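Let me begin by presenting the structure, written as structure tokens, before commenting on it.
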Amino acid sequence: MFNAFHEGTLPERMGIEFVEAGAERVVARMPVEGNTQPYGLLHGGASAVLAETLGSVGAAIHAGPERIAVGIELNATHHRSATSGHVTGVATRLHGGRTLATYHIEITDDQGRLVCTSRLTCMLRDR
């Protein structure tokens, strides 16, 4: 369902594929190929897009169908590079309130090594 919802959007162009989606936890993967910087390494901005996508989806599910989630703060720490295969992101809800939702996101490579950690806070608004 979430893969179809993102048709024509940046997550689709980056090849993000959802594996699991709920208010508490969201999982998706993204290919390294096509999302690299000139040195052949996964672009840090690509990791940030994956992290914000995962946290935003979790926040939107938490908010419910009559509300929307918009990212208001994202941070990312890059721990190692990835040069091939896929990276997998797992977003776990840290806080789910009426007006804000915050997620911790870990991105790992195909060997399970930590590539990036992020935190995203979304504001929850009426449509």
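These numbers were taken from a predicted model, which means no experiment stands behind them.
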Subject >> Closest non-hydrogen atom pair, Ala23 against Ile61 >> reply: N-CG2, 3.6 Å
Original post:
For Thr77, what residues pass the side-chain hydrogen bond (donor to acceptor under 3.5 Å, both in side chains) criterion, not counting sequence neighbours?
Top reply: none
Original post:
What residue pairs, at least two apart or across chains, pass salt bridge (Lys or Arg N to Asp or Glu O under 4.0 Å) with a residue in residues 58-72?
Top reply: Arg67-Asp126
Subject >> side chain to side chain contact (heavy atoms under 4.5 Å, CB included) between Leu94 and Thr92, intermediate numbers included >> reply: CA-CA 6 Å; Leu94 297 175; Thr92 306; 5.7 Å; no
Subject >> Interatomic distance, Ile107 atom CD1 to Cys116 atom SG [nearest 0.5 angstrom] >> reply: 4.5 Å
**OP:** Report the hydrophobic cluster partners of Tyr39, with the cluster defined as I, L, V, M, F, W, Y residues connected by side-chain heavy atoms closer than 4.5 angstrom, directly or transitively.
**Re:** Leu41
Original post:
Under 4.5 Å between any side-chain heavy atoms of Phe18 and Val26, yes or no?
Top reply: yes
**OP:** Before giving the answer on side chain to side chain contact (heavy atoms under 4.5 Å, CB included), spell out for Met14 and Glu12 the whole-Å C-alpha distance, their side-chain angles and the decisive distance to 0.1 Å.
**Re:** CA-CA 5 Å; Met14 295 186 72; Glu12 180 189 47; over 6 Å; no
Subject >> salt bridge (Lys or Arg N to Asp or Glu O under 4.0 Å) contacts in which one or both residues fall within residues 75-89, not counting sequence neighbours >> reply: none
**OP:** Indicate yes or no: at least one non-hydrogen side-chain atom of Leu42 is less than 4.5 angstrom from one of Met30.
**Re:** yes
Original post:
Got a sec, which hydrophobics cluster with Leu114, joining ILVMFWY side chains under 4.5 Å apart, including via others?
Top reply: none
Original post:
Do Leu120 and Val70 share a hydrophobic cluster (ILVMFWY, side-chain heavy atoms under 4.5 Å, transitive)?
Top reply: no
Subject >> side-chain hydrogen bond (donor to acceptor under 3.5 Å, both in side chains) involving Thr121 - partner list, sequence neighbours excluded >> reply: Thr102
Original post:
How far apart are the closest heavy atoms of Ala59 and Leu124, and which atoms are they?
Top reply: O-CD2, 3.8 Å
Original post:
Would you find a donor on one side and an acceptor on the other, under 3.5 Å apart, between the side chain of His62 and the backbone of Gly97?
Top reply: yes
Original post:
Taking all atoms of both residues into account, what is the closest heavy-atom pair of Val57 and Ala21, and its distance?
Top reply: CG1-CB, 4.3 Å
Subject >> pair Cys122-Ile72: side-chain heavy atoms closer than 4.5 Å >> reply: no
Subject >> Cluster overlap Leu100 with Ile68, hydrophobic side-chain contacts below 4.5 Å >> reply: yes
Subject >> salt bridge (Lys or Arg N to Asp or Glu O under 4.0 Å): pairs with one or both residues in residues 112-124, sequence neighbours excluded >> reply: Glu73-Arg119, Asp109-Arg113
**OP:** Check for a donor-acceptor pair, side chain of Tyr103 on one end and backbone N or O of Gly58 on the other, with a separation under 3.5 Å.
**Re:** yes
Original post:
Does the side chain of His104 come under 3.5 Å of the side chain of Thr117 through a donor N or O and an acceptor N or O?
Top reply: no
**OP:** Among residues two or more places apart or on two chains, list those pairs meeting salt bridge (Lys or Arg N to Asp or Glu O under 4.0 Å) that have a residue in residues 81-94.
**Re:** Glu24-Arg93
Subject >> Residues that Arg25 engages under salt bridge (Lys or Arg N to Asp or Glu O under 4.0 Å), provided they are two or more places apart >> reply: Glu20
Expected list for residues 82-89: side-chain donor-acceptor pairs under 3.5 angstrom, two or more places apart:
unit_1 : atom_1 : unit_2 : atom_2 : d
His86  : ND1    : Arg29  : NH2    : 3.3
His86  : NE2    : Arg29  : NH2    : 3.0

Original post:
Can you list the residues that meet the side-chain hydrogen bond (donor to acceptor under 3.5 Å, both in side chains) rule with Glu33, with sequence neighbours excluded?
Top reply: none
Donor-acceptor pairs under 3.5 Å, side chain of residues 43-55 to any protein atom, not counting sequence neighbours: which ones?
unit_1 : atom_1 : unit_2 : atom_2 : d
His43  : ND1    : Gly45  : N      : 2.7
Thr53  : OG1    : Val49  : O      : 2.7

